[in-house]
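Okay, so here's the structure we're looking at.
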Amino acid sequence: MSDSKNIGPFARIRVPGADDPKNALEVFKTQYENFKSLKKIKRVPKQTEVLIIGGGIIGSFVAYWVKNTSPYLNVTVVEKDSNYSTSSTFWSLGGFRQQFSLSENIKMSLFGADFMKNANEYLKCGNNDRIDLEFNHDGYLFLASKKSAEQLYNNHKIQLAHDAKVRLLNKDEIKEKFKWINTDDIELASFGYQNEGWVDPRKYLLAVRNKASYLGADFVNGKVVGFESESNDQIWLNNDQNLRTALVDTFDGKLVPVKFQKVINAAGPWAAEVAKLANIELPVEPRKRFIYMFYAKDGPILNVPLTIDHTGVFIRRQGLSNYYFCGLNQSQDKESKNMDLNEIDYDYFEKEIKPVLQNRVPSFKDMKLVNAWSGYYEYNTLDQNLIIGKHPIHQNFIFTNGSSGHGLQHSAAIGKAVSELIIHDTYKTVDLKRFGYERVIRNKPIKEIEVV
């Protein structure tokens, strides 16, 4: 592992849209400066109608849809890390898929796919603005063994019932369509031939945030450190009281009270910390996930979907230069205890991922690790599904938390749903009542099978 640990200045550097990794540092610096320039655009206001805690992709979409639907509402987004250096979106692979096992997740994916098709119209700021999110339409491919084939088939039936563009492939069809795959232990595959692929996640986030700001949402740099209730008793709240004031640390020695009518928890992996400020228990925590980039000179270039092996190992090509991304979500007993994003577990790649890839794709036999980084999942420990909607007691406190790896692809739908709750007091586009906080109180998980 000596060569993989000495990967030089490109450690943890993404290369979105760059076919040649030697340009990665320059690409990263340019996009990083774009985010850095957004710092402290506005001063923290003394009052706002809608306060959004967290300016990542979900918080930005809430701001976008509220302002898009009701321009007269004042919307303020508080983001503690306005450079997005630890953002889940920032370090993700930007995947979009409709292959889920729950109706709500499929519907949110289809809404997101439709948004992506019309992203230029939705997100442009002015007539001359052109939005290019670098959406790649190569799709997703799920591979199933004999043991997991029945579940894949059952998921497929649910997806077709919602008009998802997916098809099943038997072993012979897999061999014919994807000749680079070793199908020895593969029984069945599901291929998303439309509305699936991947996007540049930072361009997506920046475009949504820019449009929300263009529509009038205020993005401010700060950290919410407490709440006050209607009776002005800080932090310790009676069960029959709404929250009315947030205390915002502006990082310059000031603590600014901000009055609001609605507050949205869009704090990503740190959502539980925000909820705790209101004495609310939320089963969401940061989980560290690794992405590895490797080179394989004989690897497949064309017709390579984002492929998920039945072991959980996934691969995605990067450009057309024989570079690939890969990863594997850790099992509970192998979760990283070191949460420092600068610390990469290279042994995990060598022991858990590389052997699976070399078996599944024989042309990866000479693969060489060239890059790696880590990021945080917003992990829902109850059931790895979104928690959304009003708190049953503090009804002006709204959750958007715990998507567990599919927050970016569902962000457009989540933002839309929350805007509907704020404006209409009900869901109109996608009914997400089953994903409410009540299931947390009752300890009634709703399991999603296809968690990647």
Side-chain angles (χ1 to χ4, degrees), residues 34-80 82 84 87 89-90 108 111-112 114-133 135 199-222 246 248 258-268 388 396 398 400 407-425 427-430:
N34 286 338
F35 280 95
K36 190 175 180 181
S37 66
L38 294 170
K39 192 172 183 178
K40 290 191 176 180
I41 294 177
K42 302 275 187 180
R43 290 187 177 184
V44 177
K46 293 183 178 180
Q47 62 182 26
T48 187
E49 288 167 299
V50 179
L51 178 66
I52 302 169
I53 304 173
I57 190 70
I58 291 177
S60 294
F61 256 122
V62 173
Y64 164 78
W65 283 117
V66 171
K67 293 299 293 184
N68 183 276
T69 308
S70 299
Y72 57 87
L73 287 177
N74 294 322
V75 176
T76 301
V77 185
V78 178
E79 171 56 51
K80 66 178 182 178
S82 55
Y84 295 99
S87 164
T89 300
F90 198 89
M108 285 193 288
F111 181 89
D114 183 71
F115 187 92
M116 287 298 301
K117 290 176 184 176
N118 300 284
N120 188 64
E121 187 63 30
Y122 283 127
L123 297 178
K124 67 179 181 180
C125 302
N127 293 331
N128 297 324
D129 193 19
R130 173 74 181 168
I131 303 298
D132 180 11
L133 302 178
F135 188 70
V199 68
D200 185 308
R202 291 199 295 282
K203 285 189 174 182
Y204 195 28
L205 171 54
L206 187 58
V208 176
R209 175 171 171 160
N210 281 347
K211 185 57 182 279
S213 181
Y214 178 80
L215 292 172
D218 290 335
F219 285 78
V220 300
N221 187 217
V248 180
V258 181
K259 293 184 178 181
F260 57 82
Q261 293 182 14
K262 304 286 186 182
V263 61
I264 318 302
N265 186 352
I388 190 171
N396 67 335
I398 298 176
T400 65
L408 180 141
Q409 59 193 295
H410 289 162
S411 56
I414 294 170
K416 181 68 169 176
V418 171
S419 74
E420 292 169 349
L421 279 183
I422 292 170
I423 298 165
H424 305 291
D425 201 33
Y427 299 118
K428 289 181 170 288
T429 304
V430 179

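These values consider heavy atoms only, across backbone and side chains, with no hydrogens, waters or symmetry-generated copies. As the structure is a computational prediction, the values presented were derived from the model and not from experiment.
The salt bridge (Lys or Arg N to Asp or Glu O under 4.0 Å) pairs that include a residue from residues 115-131 are E121-K124, where partners are two or more places apart or lie in different chains. Sorted by first and then second residue, the side chain to side chain donor-acceptor pair (under 3.5 Å) pairs with a member in residues 56-66 form an empty list; sequence neighbours excluded.
Atoms CZ and CG, on F135 and D200 in that order, are 12.5 Å from each other to the nearest 0.5 Å. The distance from atom NZ of K211 to atom CG of L206, rounded to the nearest 0.5 Å, is 13.5 Å. Rounding to the nearest 0.5 Å gives a distance of 9.5 Å between CD of Q409 and CD1 of I414. Here the CD1-OG1 distance, from I423 to T69, works out to 4.5 Å after rounding to the nearest 0.5 Å. How far CG of L215 is from CG of L73: 12.5 Å, rounded to the nearest 0.5 Å. With rounding to the nearest 0.5 angstrom, the CD1 atom of I398 is 5.5 Å from the NZ atom of K262.
Between N265 and A267, the shortest heavy-atom contact is OD1-N, 3.2 Å. In terms of heavy atoms, F219 sits closest to S213 at CE1-N, 4.0 Å. For the residue pair I57 and S411, the shortest heavy atom distance occurs at CG1-OG, 3.3 Å.
Under the side chain to side chain donor-acceptor pair (under 3.5 Å) criterion, T429 pairs with E420, sequence neighbours left out. Judged as a side-chain contact (heavy atoms from CB on, under 4.5 Å), and not counting sequence neighbours, the contacts of A412 are F61, F111, F115, Y204. The side-chain contact (heavy atoms from CB on, under 4.5 Å) test applied to D132 returns E134, not counting sequence neighbours. In this view, Y427 satisfies the ring pair (Phe, Tyr, Trp, His ring centres under 6.0 Å) rule with no residue, not counting sequence neighbours. Scanning for side-chain contact (heavy atoms from CB on, under 4.5 Å) contacts around D425 gives K390, with sequence neighbours left out.
In this structure, the side chain of S82 does not engage the main chain of E79 through any donor-acceptor pair within 3.5 Å. Put simply, the side chain of S87 gets close to the backbone of T89: a donor and an acceptor are under 3.5 Å apart. Listed for the T400 side chain is no donor-acceptor partner under 3.5 Å among the backbone atoms of I388.
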Name the atoms and distances for all side-chain donor-acceptor pairs under 3.5 Å in residues 45-54, with sequence neighbours left out.
| residue | atom | partner | partner atom | Å |
| --- | --- | --- | --- | --- |
| T48 | OG1 | V50 | O | 3.4 |
| T48 | OG1 | N74 | O | 3.2 |
| T48 | OG1 | T76 | OG1 | 3.0 |
| E49 | OE1 | N74 | N | 2.7 |

Decide side-chain contact (heavy atoms from CB on, under 4.5 Å) for I264 and I422; before the verdict, give the C-alpha distance in whole Å, the side-chain angles of both, and the deciding distance to 0.1 Å. CA-CA 10 Å; I264 318 302; I422 292 170; 3.8 Å; yes

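Side-chain N/O atoms of R209 and Y214 include no donor and acceptor closer than 3.5 Å.
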